[in-house]
Amino acid sequence: MPALGAEVKNISKKMGAATALRGVSLQFESGRVHGIIGPNGAGKTTLMRCLAGLLRADEGEVVYSLDGRRLSSARAKEITGYFPQEPSLYPDLSCMEHLLFFRDLYNINRSDFETRSRELLAATGMAPFAARAAGKLSGGMYKKLGLMCVLLNRPSLLLLDEPTIGVDPLSRRQLWDLIYKFAGESMTVIITTSYMDEAAACAKVHALDEGRALAAGTPAELRARFHTDNFADIFLQNG
């Protein structure tokens, strides 16, 4: 299946009394790794939940396209994988038990599951820890397990909300290697991050602040536009 593209058109969203998104319009071309950067409270997680179909925008719309054709939100949700920022695994279940649980959740046949789980365990270096309970994993290993569970269904759109927060530098690099291993013609990746150095690893960067879109472009384009090598300057210049 080809990668899924997405576009948010002038979306606004209130969360209680606070306005999390204010008329945001962004284009996420298929088959690329997109980074959404911004400080805490910028609206990154709210935007991701709207893209995942977990929240409905108060105004505007999210449009999905597959191979040049518009796709319904319901169908897009079926082929989208979402990895939330909050802990979402069962501490008493082992790594393999999690994979088996998601096998049944996604209704993956035995042959495909054996191939995919073996590939994911090898790619993450988690094969020796397949029997270890999630609650006994390090922070980096926990994130790898969560990513494996999401990737098991081979989504066409992968949404990762701050997957490297609280993770040691080596595990951060390994997670990025894994992301790029699966991204491409069959998968679009959208990742939120507060680490400005991670923005440089994305094919396209989208900057959010206080619920508004500040800029979007390749890392080189943003460096040239804001005359800086530090993406944090984007927010300082618009403060």
Side-chain angles (χ1 to χ4, degrees), residues 1 3-4 31 33-36 44-45 48-49 51-54 76-195 197-198 201-202:
M1 183 177 291
L4 184 66
V33 176
H34 295 263
I36 301 175
K44 302 188 298 295
T45 293
M48 292 290 269
R49 289 175 177 170
L51 285 164
L54 301 176
K77 191 173 182 178
E78 292 175 358
I79 56 176
T80 295
Y82 175 57
F83 184 24
Q85 183 181 150
E86 301 82 5
S88 55
L89 303 177
Y90 299 97
D92 295 332
L93 292 185
S94 70
C95 296
M96 181 53 72
E97 286 170 337
H98 273 93
L99 293 174
L100 290 168
F101 173 80
F102 279 89
R103 176 201 65 183
D104 296 340
L105 182 66
Y106 294 137
N107 195 29
I108 300 171
N109 65 54
R110 183 184 296 273
S111 176
D112 285 344
F113 172 76
E114 290 179 354
T115 299
R116 295 178 190 181
S117 60
R118 184 168 56 248
E119 178 186 27
L120 288 167
L121 285 166
T124 57
M126 292 286 286
F129 310 102
R132 183 173 296 184
K136 295 183 178 180
L137 297 175
S138 67
M141 293 167 68
Y142 185 94
K143 294 294 180 71
K144 288 179 186 178
L145 174 58
L147 191 52
M148 281 195 296
C149 292
V150 176
L151 287 170
L152 192 63
N153 198 36
R154 301 276 175 88
S156 292
L157 174 62
L158 179 62
L159 305 173
L160 305 172
D161 192 9
E162 303 252 21
T164 60
I165 194 167
V167 173
D168 64 89
L170 177 59
S171 293
R172 281 176 60 193
R173 188 179 70 187
Q174 291 172 336
L175 283 166
W176 272 97
D177 288 345
L178 188 62
I179 289 166
Y180 266 98
K181 178 179 175 63
F182 288 95
E185 291 184 2
S186 61
M187 188 182 297
T188 304
V189 178
I190 304 176
I191 179 170
T192 65
T193 180
S194 297
Y195 295 111
D197 62 306
E198 292 186 346
C202 300

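Sequence neighbours left out, the pairs with a member in residues 102-139 that pass ring pair (Phe, Tyr, Trp, His ring centres under 6.0 Å) are F102-Y106. Listed by first and then second residue, the side chain to side chain donor-acceptor pair (under 3.5 Å) pairs that reach into residues 118-141 are E119-R154, sequence neighbours excluded.
Across T192 and M48, no two heavy atoms sit closer than the pair CG2-CG, 3.3 Å. The shortest non-hydrogen separation linking H34 to C202 is C-SG, 4.1 Å. Of all the heavy atoms in L152 and L99, the pair that sits closest is CD2-O, 3.4 Å. Here the shortest heavy-atom pairing between L178 and A123 reads CD1-CB, 3.8 Å. Taking both residues in full, the closest heavy atoms of M126 and L145 are given as CE-CB, 4.4 Å, listed atom of the first, atom of the second, then distance. Listed here is the closest heavy atom pair of L175 and P163: CD1-O, 3.9 Å.
Here the straight-line distance linking atom CE of M141 with atom CG of D168 works out to 11.0 Å at 0.5 Å rounding. Annotation: the span from I79 atom CD1 to S156 atom OG amounts to 4.0 Å, rounded to 0.5 Å. Taking CG of L51 as the reference point, atom OG1 of T80 lies at 8.5 Å (rounded to 0.5 Å). Separation of atoms CZ (F83) and OG (S88) is listed at 6.0 Å; rounding is to 0.5 Å. Atom OH of Y82 sits about 10.0 Å away from atom CG of L160, to the nearest 0.5 Å. In this structure, the separation between CG on N109 and CD on E114 is 9.5 Å, given to the nearest 0.5 Å.
Counting only distance, with no hydrogens or angles, the side chain of Y180 and the backbone of V33 share no donor-acceptor pair below 3.5 Å. Between the side chain of T188 and the backbone N or O of L4, at least one donor-acceptor pair lies under 3.5 Å. Of the possible polar contacts, none joining the S94 side chain to the A133 backbone as a donor-acceptor pair under 3.5 Å is found.
A 4.5 Å side-chain heavy-atom check between M187 and L151 finds at least one atom pair inside the cut-off. Using a 4.5 Å cut-off on side-chain heavy atoms (C-beta onward), L158 and I179 make no contact. Side chains of T164 and K143 form no contact here, defined as non-hydrogen atoms less than 4.5 Å apart.
Annotation: salt bridge (Lys or Arg N to Asp or Glu O under 4.0 Å) contacts of K144 (sequence neighbours excluded): none. Partners of Q85 by side-chain hydrogen bond (donor to acceptor under 3.5 Å, both in side chains), not counting sequence neighbours: none found. A search for salt bridge (Lys or Arg N to Asp or Glu O under 4.0 Å) contacts involving R103 returns nothing, not counting sequence neighbours. Among residues two or more places apart in sequence or in another chain, the ring pair (Phe, Tyr, Trp, His ring centres under 6.0 Å) test is passed with F101 by Y90.
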Start with the C-alpha gap between C95 and H98, add the side-chain angles, then the distance that decides, and say whether side-chain contact (heavy atoms from CB on, under 4.5 Å) holds.
CA-CA 5 Å; C95 296; H98 273 93; 5.8 Å; no
